[in-house]
2 protein chains.
Amino acid sequence: MNKPAPHQSGCCTPLGASRLSAEAAQALGADLGLLGHPIRLQILDLLAQHTDQVCVCDLEAALPVKQPTVSHHLRLLREAGLIDCERKGLWAYYFIRREAVAALRARLLAQLDTLV
Amino acid sequence: MNKPAPHQSGCCTPLGASRLSAEAAQALGADLGLLGHPIRLQILDLLAQHTDQVCVCDLEAALPVKQPTVSHHLRLLREAGLIDCERKGLWAYYFIRREAVAALRARLLAQLDTLV
DNA sequence: TTAGTATATTGACAACCTTCGATTTACTTG
DNA sequence: CAAGTAAATCGAAGGTTGTCAATATACTAA
């Protein structure tokens, strides 16, 4: 991305680079973007309040979207490592990976702290 | 959204409702979605590391997008109350509203804690 | 008043995301 | 084996979001 010529008049002193690199902002944005969807938040919440595994059919029943959509969001959360599943015959049982959620929480918190 | 008939076979015990209501999930998702963009994160970071106000032209110089795009993201952040600005003649000086960021941080933290 | 400048807004376009019907896959059971 | 079922995947439609050129706005200064 080529920057335009700076202003000629002295409105201000030029800033240094952001502490947050473009790559770091991209990564943090991806984390936040993953969490930033109501269905995914509800899935995480449902899984978080059950110590045992939860069958997909129960998630479908608790959520206001159809089966392929639930499956899609489960995939995104699984690919991000926040949840995992175990297949037992026909059924799939999902569970939250609390250590991954805790790590994500810690990362977000660390970044948010620098903004306050 | 009409739910399909539940399975006939006993794969599991039906879940109760999520602790996170659909509305709460929507609101939390909006908060996260606002933060979940690299340019907005960089803007917040740039403003956060300066105690004084920052001229728009400096933000433009520090970001890899063009002027209207910067203006667009500044508007979203301002409408969310996370930043504000003061116009001085031709120039606009933006600043972070640390108490609003802190409130957002607290809200996110409270919700994330229930997931761990 | 005229020319010039910084920022905001508009409008159009592209990229991305979400959703769901249809289908496939993988399994169980008769 | 064939029939049936749960979940994943595919593919298309619709919606939202991000981007920028062009323009408008609001101000300064000659």
Side-chain angles (χ1 to χ4, degrees), chain A residues 1-12 14 22 25-26 29-30 32-43 53-80 83-95, chain B residues 1-12 14 22 25-26 29-30 32-43 53-61 63-80 83-94:
Chain A
M1 185 70 49
N2 38 4
K3 293 272 83 183
H7 296 166
Q8 49 246 51
S9 48
C11 62
C12 43
Q26 194 80 36
L32 287 160
L34 181 76
L35 286 183
H37 190 284
I39 299 295
R40 291 194 286 273
L41 286 170
Q42 288 188 91
I43 290 173
Q53 304 176 339
V54 173
C55 181
V56 168
C57 67
D58 285 333
L59 293 174
E60 286 167 20
L63 295 169
V65 288
K66 298 260 198 267
Q67 181 262 326
T69 304
V70 175
S71 201
H72 170 67
H73 290 298
L74 287 172
R75 167 133 89 139
L76 294 181
L77 290 169
R78 189 158 44 77
E79 286 175 347
I83 67 177
D84 204 351
C85 70
E86 190 180 344
R87 280 209 82 138
K88 288 180 185 166
L90 274 182
W91 295 289
Y93 294 87
Y94 278 79
F95 53 92
Chain B
M1 187 69 49
N2 38 4
K3 296 271 83 185
H7 297 165
Q8 48 247 48
S9 47
C11 61
C12 42
Q26 195 81 35
L32 288 161
L34 181 76
L35 287 183
H37 190 283
I39 298 295
R40 290 194 287 272
L41 287 170
Q42 288 188 90
I43 290 173
Q53 305 176 339
V54 173
C55 180
V56 170
C57 67
D58 284 334
L59 293 174
E60 287 168 19
L63 295 168
V65 288
K66 298 264 199 261
Q67 180 261 323
T69 305
V70 174
S71 200
H72 170 66
H73 291 298
L74 287 171
R75 167 133 88 142
L76 293 181
L77 290 170
R78 188 159 45 77
E79 285 175 350
I83 68 177
D84 204 350
C85 70
E86 190 180 344
R87 279 207 84 138
K88 290 181 185 166
L90 274 182
W91 295 288
Y93 294 87
Y94 278 78

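Because only heavy atoms are used, hydrogens play no part in the values below, and waters and symmetry mates are left out as well, while side chains stay in. Labels below follow one simple rule: chain letters A, B, ... track the order of the sequence lines, proteins then strands, and each chain is numbered from 1.
Under the 3.5 Å distance criterion, the side-chain polar atoms of B:R78 are left unmatched by any main-chain donor or acceptor of B:C85.
Residues B:L41 and B:L35 come closest through the heavy atom pair CG-O, 3.1 Å. Counting all heavy atoms, side chain and backbone alike, A:G33 lies closest to A:R40 at O-NH2, 3.3 Å.
One can place CD of B:E86 at 13 Å from P of C:dA8, the figure rounded to the nearest angstrom. The distance from atom CD of A:E79 to atom C1' of D:dA8 is 12 Å, rounded to the nearest whole Å. Per the geometry, CD belonging to A:E60 stands 14 Å off C1' belonging to C:dT19, to the nearest Å. Distance, B:Y93 OH to C:dA6 C1': 10 Å, rounded to whole Å. A straight line from CG of B:L59 to P of C:dA8 spans 10 Å, rounded to a whole angstrom. Rounded to whole Å, atom C1' of D:dA7 lies 12 Å from atom CZ of A:R75. In this structure, CZ of A:R78 is placed 13 Å from P of D:dA7, rounded to the nearest angstrom.
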Taking only N/O atoms, report every protein-nucleotides 12-18 of chain C pair under 3.5 Å with atom names and distance.
{"unit_1": "C:dT18", "atom_1": "OP1", "unit_2": "A:R40", "atom_2": "NH2", "d": "3.2"}

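Atom NE2 of A:H72 and atom CG of A:L77 lie 9.5 Å apart (nearest 0.5 Å). One finds the CG atom of A:L59 at 11.0 Å from the CD1 atom of A:I39 (value rounded to the nearest 0.5 Å). Atom CZ of A:F95 is separated from atom CD of A:Q53 by 5.5 Å, given to the nearest 0.5 angstrom. To the nearest 0.5 Å, atoms NZ (A:K66) and OG1 (A:T69) are separated by 9.0 Å. Distance check: B:H37 NE2 to A:Q26 CD gives 8.5 Å after rounding to the nearest 0.5 Å.
Considering only side-chain N and O atoms, B:Y94 lies under 4.0 angstrom from the phosphate OP1 or OP2 of C:dA8.
Side-chain contact between B:V56 and B:L74 is present, with at least one heavy-atom pair separated by less than 4.5 Å.
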Going 5' to 3' along nucleotides 21-27 of chain D, which nucleotides have protein heavy atoms under 4.0 Å from the base (write B), which only from the sugar-phosphate (write S), and which from neither (write -)? BB---BB

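With DNA chain C read from its 5' end, the first of the two nearest nucleotides for A:I39 and B:L74 is the one closest to B:L74.
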